[in-house]
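Here is the naming used below: chain letters follow the sequence lines, and residue numbers restart at 1 for every chain. Being a predicted model, the structure only gives us computed values, none of them experimental.
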Amino acid sequence: MGELPRPDSPVTLPTYADNAAIANGLEPETGATLKVFNWTAYINRAVVRNFEKRYKCKVEITTFNTQEDALAKLNTGDLQFDVFVPTVDVLSSLVAAKQVRPLNHGYIPNIHQAWDFFQNPFYDQGWRYTVPYTIYTTGIAWRNDHVSGSPDQLENPWSFLWQEQYRGKVAILDDYRESIGLGLMYNGETDLNTPDVEKLTAAEQALLNLAKLTSVHIDNNDYTNIPSGQMWIHHAWSGDIAAAEYYMPKGVSVDTVSYWFPRNGRGPVNNDTMVVLAGGKCPVLAHLFLNYFLDVDNVIENISYNGYMQPIHGVTGPRLVKEKLLPPNLTTTVVLESDFPRGLRELQISASARQVWQQDWLNVSRGV
Amino acid sequence: MVLSAPARVRHRQHPPRARRRVLYAGLSVPAILWLAVFFLVPFYAVLSVAGGQIDGIRGTPIPEWNPLIWSRASYHAVFQEFSGTGAFLGPLVLRTVEYVGAASLLSLLIGYPAAYYVSRFATKRKGLLLGLLLAPFWVSYMMRMLAWIGLLQTDGYVNRILIDLHLTSHPVTWLGGKASTVVLGLVYGYVPYLILVLYAGLDRIDSSLLEAGRDLGLGRVRTFLFVTLPLSRQTIITGLLVTVLPMLGDYFTNVMLSGATNTSMVGNAIQGQLQSTTLQTQGAALSLLMLGVLAIPMLYYVVATNRASQAAA
Amino acid sequence: MITATTSAPARRRLLRNPWRRPVFLEGFTWLYIAWSLLPIGLAVLFSFNNGRSQSVWQGFSMRWYTGDPLQSVLHDPTLHAAIAQTLKLALFTTVIAVPLGVAFAIGVDRWRSRPAEAANFVMVFSFVIPELIFGVALFFVFNTMFTSVHLGTLAETIGLVTWNLSWPAIIVRARLVSIGRQYEEAAADLGATRLQAIRRVLLPMLAPAIFASAVLVFSGVIDDFVLVNLLSSTSKTEPMSVLIYSNTHGGNGGPALNALATLMLLFSFVVAIIGFVGYRLMTRGERTSTDESLATFAGM
């Protein structure tokens with residue numbers, strides 16, 4: 001494989017003769033079942049139901065809890081999923097393995113509703129294979145009724161998680177890129193794609209230290225664990241915390257939830273994508289599904305459940321607050337267009353670097 | 001026997017031994033083939049994955065089918081996890097032994113009296129009691145864990161009762177990586193299996209032996225100590241094996257009730273390796289090593305049950 | 001006042017009376033039963049909770065069964081699929097594993113040869129191997145060798161049949177040992193062929209053991225998690241245990257899961273009662289066979 005995709009080194013993903021896009025002007029498959037492979041609680045069923053009604057089809061959603069879980073399952077062979085939502089760092093290997101199908105742009109006019117940046121992203125020039133799905137920052141969420149202070153008051157804000165007094169109440173994300181990345185940032189490192197073994201070992205040490213201090217919990221349930229009070233400080237994705245209100249127990253105000261993210265270019269900003277998988281049986285419906293989730297009205301309704309913003313014109317923090325989809329105290333979860341050029345991105349790393357990252361993560365997570 | 005006939009007749013009418021053999025062999029062949037293809041061959045696949053390579057792009061394992069050129073890299077990687085710089089497997093193995101040891105001991109302390117009571121003393125209500133003891137078998141394991149997750153929440157009933165009784169002032173975070181919670185989960189999950197085996201064994205102890213004990217003037221306690229307990233030694237051992245072996249491979253109880261790294265067990269490590277694409281060959285190697293270690297108690301079980309069935313014959 | 005009215009030797013006799021009720025043991029047993037069943041009862045109760053919480057009671061409602069338009073068992077397709085898949089797998093596995101296992105038991109017990117002993121050895125070994133180790137092996141064999149068997153219902157069924165084959169094989173074999181061979185021989189003496197002897201004489205005598213093993217296989221499949229978690233693919237092929245695990249682990253647990261589990265529980269109990277009544281009917285007159293089949297596993 002050639003260059004790794006980076007903002008200053010954009011990549012055009014290759015296409016292959018034996019993995020062509022679908023033809024123009026095809027009718028959507030009738031009476032079909034569209035199979036979507038997605039994160040747990042990451043799509044609004046009500047929007048999906050509207051899609052089903054509109055295109056007279058059924059949508060079957062299979063969920064996964066971690067990106068690695070999903071890839072391991074996809075690699076097991078012919079699962080016939082139509083739509084998948086990969087992070088950008090795994091695109092090249094999906095393309096090389098011909099697991100994703102090139103897009104026929106004719107079916108996806110709504111791409112023009114997306115921010116300009118996402119109409120020709122550096123990780124997939126000419127959006128040959130992907131459309132953008134959600135955008136998010138990775139920061140720290142906490143319960144301000146149980147935990148005092150905030151990361152901003154600390155010299156090293158990421159050390160907010162390293163607090164022994166909240167033992168048993170601290171959690172990090174179950175995602176080797178995010179969590180090893182957390183260890184790197186804690187050590188002052190800003191290259192979240194480093195293959196440097198020493199830096200990675202230091203990050204691993206920092207996380208092991210965190211585990212020792214706080215008996216750290218590992219999960220991607222920031223969206224329920226912070227509202228329920230099961231966890232008090234959680235390494236978190238902005239969209240998960242934006243949805244906190246939906247999960248607050250009776251009698252507890254959403255004002256008790258805080259979210260911090262450094263806007264000075266020292267925190268991760270990323271986006272997920274939606275792709276059409278090559279093994280699916282409903283490629284036309286799959287294209288229409290991608291298109292459906294680029295329309296601003298559907299996006300707003302989707303956000304009302306899953307909390308994650310999408311890079312679509314008209315989806316702004318003030319609008320979400322006004323429509324009561326986002327509590328005013330959680331506007332720190334809003335992702336701005338200007339965050340993308342500034343923020344740290346988790347992008348593709350070489351297979352050998354990936355093995356080092358994953359080994360370090362196993363040493364920390366112990367498979368939990 | 002009314003049905004038995006003169007030897008002369010039997011001799012003539014019996015089909016030749018060889019033909020009988022063919023019939024019986026034929027009956028067992030389908031299952032033997034099934035076991036060969038779906039039980040033995042899969043382990044060859046694991047050996048081939050553990051001895052194979054990792055795809056340079058996708059990170060997925062590429063098995064090596066030729067045993068002569070099996071690589072030792074993944075075993076080496078596992079060895080590194082025991083002793084290398086990032087070593088974590090050693091403590092994990094120790095912890096697994098501790099948790100499983102504690103859980104099986106507790107299971108025995110809970111299960112033996114219950115099984116003993118139902119097999120020896122419950123007369124009229126034996127059917128009911130046995131039914132209640134076996135009831136958990138009919139409830140999915142995951143539902144039983146789900147039940148405890150509800151109870152052990154910060155605002156759950158366990159904490160509320162503890163606070164009402166003034167045993168604690170702050171709610172305990174039971175689900176925040178507590179060893180005691182994991183051990184409790186294991187006991188709760190597996191004790192029914194132990195009770196089943198203990199009951200079956202205790203129930204078969206010849207009651208005339210116990211009466212003999214009493215006739216010799218032993219009290220109940222001493223009858224138990226000198227007669228029942230020695231007679232149930234084999235049952236205890238097999239019962240423990242039947243619970244310990246699956247506990248050693250358990251990873252889900254841990255994930256459901258703790259989810260913290262400081263309670264992780266060997267099963268979690270294997271599961272974690274399986275879920276990281278580039279570490280799957282390691283997962284294959286570690287599960288084979290575990291099989292190697294556990295082969296001894298497993299063989300013991302096979303031999304013990306075999307001996308028992310031969311004795312019965 | 002016992003001390004006042006009973007003489008010392010009499011008291012000692014009372015203490016030693018072997019037929020006295022063992023109050024302590026009895027109490028302990030009931031305590032254990034309460035501990036093992038109360039949490040399940042509460043989980044069932046919370047399936048009727050009028051709120052998202054699985055720990056704080058917010059009033060009675062049928063919301064998680066029928067009320068909620070998106071997340072109730074009635075309206076969430078993944079929840080139906082989970083029940084359907086659980087039952088499907090239980091049925092397929094029982095139908096395949098029981099005949100295979102019974103034939104194996106008869107064959108191996110009467111064949112009596114080295115290959116038979118070896119096969120039996122492997123069979124018992126498959127009973128005690130930790131499920132995770134076997135699951136890893138199946139996961140790899142379906143991904144690298146038998147690649148035409150895709151993960152999903154077929155892979156799950158094959159895995160569950162292999163894993164549960166030992167129940168009928170071991171239980172039926174134990175029964176065969178205790179029956180002995182004289183009945184078949186007698187049938188043969190009366191002119192029956194071997195096959196007829198098996199069908200007309202042996203199988204009816206084995207019926208209770210076969211039935212018991214079928215019930216155990218069925219409940220074993222409902223209980224299974226490790227294999228199906230490794231071998232399932234789409235949400236259509238995820239049985240209930242996988243759904244509960246991934247949703248709880250994924251933070252999306254809610255009383256709908258309790259509702260789902262409660263329905264499954266009801267179903268299991270119906271099967272259990274049918275099993276119990278059926279077994280009673282088949283074993284009228286012989287009281288020992290339940291204990292006998294259990295004892296086989298205890299190595300007694």
Side-chain angles (χ1 to χ4, degrees), chain B residues 3 5 10 20 23-25 27-28 30-32 35 38-39 42-43 45-46 49 63 110 113-114 117 121 132 136-143 146-148 150-151 153 155-156 197 200-201 203-204 214 219-220 235 238 245-246 248-249 255 267 287 291 298 301-302 304-305 308-309 312-313, chain C residues 16 18 22 25 28-29 32-33 36 39-40 43 46 54-56 100 103-104 106-108 110-111 119 121-122 124-126 128 130-133 136-138 140-141 144-145 158 162 177 186 188-189 194 219 222-223 225 241 244-245 248-249 261 265 268-269 272 291 294-295 297-300:
Chain B
L3 291 171
R10 188 162 63 211
R20 263 189 285 156
L23 170 69
Y24 292 130
L27 277 174
S28 50
I32 291 175
L35 276 183
F38 296 122
F39 186 72
F43 285 99
V46 185
V49 167
I110 294 171
Y117 173 75
F121 300 103
L132 290 173
F137 275 100
W138 294 93
V139 186
S140 155
Y141 191 97
M142 282 301 153
M143 183 188 185
L146 190 66
W148 277 104
L151 289 174
Q153 301 272 338
D155 56 2
V197 176
D203 201 51
R204 281 170 78 87
R214 285 204 200 97
R220 174 181 284 158
T235 306
T238 43
L245 287 168
L248 288 172
V255 169
S287 77
L291 178 62
M298 282 192 266
Y301 179 87
V302 176
T305 49
S309 77
Chain C
R16 279 199 177 175
L25 274 179
F28 182 87
T29 305
Y32 163 74
I33 289 171
S36 76
I40 299 167
F46 271 96
Q54 283 162 300
S55 50
V56 181
L100 265 182
F104 175 87
I106 297 175
V108 162
R110 301 300 196 238
W111 183 10
F121 183 88
V122 174
V124 181
F125 201 78
S126 82
V128 278
E131 198 178 3
L132 179 62
I133 296 178
V136 169
L138 278 180
F140 283 125
V141 86
T144 61
M145 200 183 236
I158 291 176
T162 318
V177 168
D189 293 342
R194 283 281 149 183
S219 72
I222 290 177
D223 205 36
F225 167 72
S241 58
I244 292 180
Y245 176 81
T248 313
H249 182 201
L265 185 80
S268 297
F269 274 121
D291 300 334
L294 293 180
F297 290 93
M300 291 301 287

Residues which pass side chain to side chain donor-acceptor pair (under 3.5 Å) with B:Y117, listed by chain and number, not counting sequence neighbours: C:E26

Closest non-hydrogen atom pair, C:F140 against B:A45: C-CB, 4.4 Å

When every non-hydrogen atom of B:Y24 is compared with those of C:I106, the smallest separation belongs to CD2-O, 4.3 Å

Out of C:L100, C:V136, C:T162, which one racks up the most heavy-atom pairs below 4.5 Å with chain B? C:T162

Are B:I32 and C:F104 side-chain neighbours, meaning at least one heavy-atom pair lies under 4.5 Å? yes

Could you check if a side-chain atom of B:V255 sits within less than 4.5 angstrom of a side-chain atom of C:Y245, using non-hydrogen atoms only? yes

Out of C:A261, C:A43, C:A119, return the one with the most heavy atom pairs under 4.5 angstrom to chain B. C:A261

Across all chains, not counting sequence neighbours, the side chain to side chain donor-acceptor pair (under 3.5 Å) partners of C:S126 are none

Turns out that what part of B:L291 lies under 4.5 Å from chain C's heavy atoms comes down to both

Measure distances from B:L132 to the heavy atoms of chain C and classify the residue's part below 4.5 Å as side chain, backbone, both or neither. both

Check whether C:T248 gets within reach of chain B through its side chain, its backbone, both or neither, counting any heavy atom under 4.5 Å. side chain

Of the non-hydrogen atoms in B:P113 and C:T29, which two are nearest, and what is the gap between them? O-OG1, 4.2 Å

CH2 of C:W111 to CG of B:L23: how many Å apart, nearest 0.5 Å? 11.5 Å

Whatever's closer than 4.5 Å to a heavy atom in chain B on C:F225 counts as side chain

Where does B:P63 contact chain C at under 4.5 Å (heavy atoms): side chain, backbone, both or neither? side chain

Value for CG (B:L245) from CD (C:E131), rounded to nearest 0.5 Å, stands at 12.5 Å

Relative to chain B, which segment of C:F125 carries a heavy atom at a distance below 4.5 Å: side chain, backbone, both, or neither? both

Shortest non-hydrogen contact from B:P136 to C:S36? CG-OG, 4.2 Å

When you compare the side chain of B:F43 with that of C:I133, does any pair of heavy atoms fall below 4.5 Å? yes

Side chain, backbone, both or neither: which part of C:I40 has an atom under 4.5 Å from a heavy atom of chain B? both

By a 4.5 Å heavy-atom criterion (distance strictly below it), what part of B:V49 contacts chain C: side chain, backbone, both, or neither? side chain

Proximal component of B:L146, with respect to chain C [non-hydrogen, under 4.5 Å]: side chain

Is any side-chain heavy atom of B:M298 less than 4.5 Å from a side-chain heavy atom of C:P130? yes

Of all the heavy-atom pairs spanning B:G150 and C:S55, show the shortest one and how long it is. O-CB, 3.3 Å

Within a strict 4.5 Å, meaning less than it, do heavy atoms of the B:F137 and C:D223 side chains meet? no

In terms of heavy-atom pairs under 4.5 Å with chain B, the winner among C:V108, C:I158, C:L138 is C:I158

How close do B:W138 and C:L265 get, counting heavy atoms only, and between which atoms? O-CD1, 4.3 Å

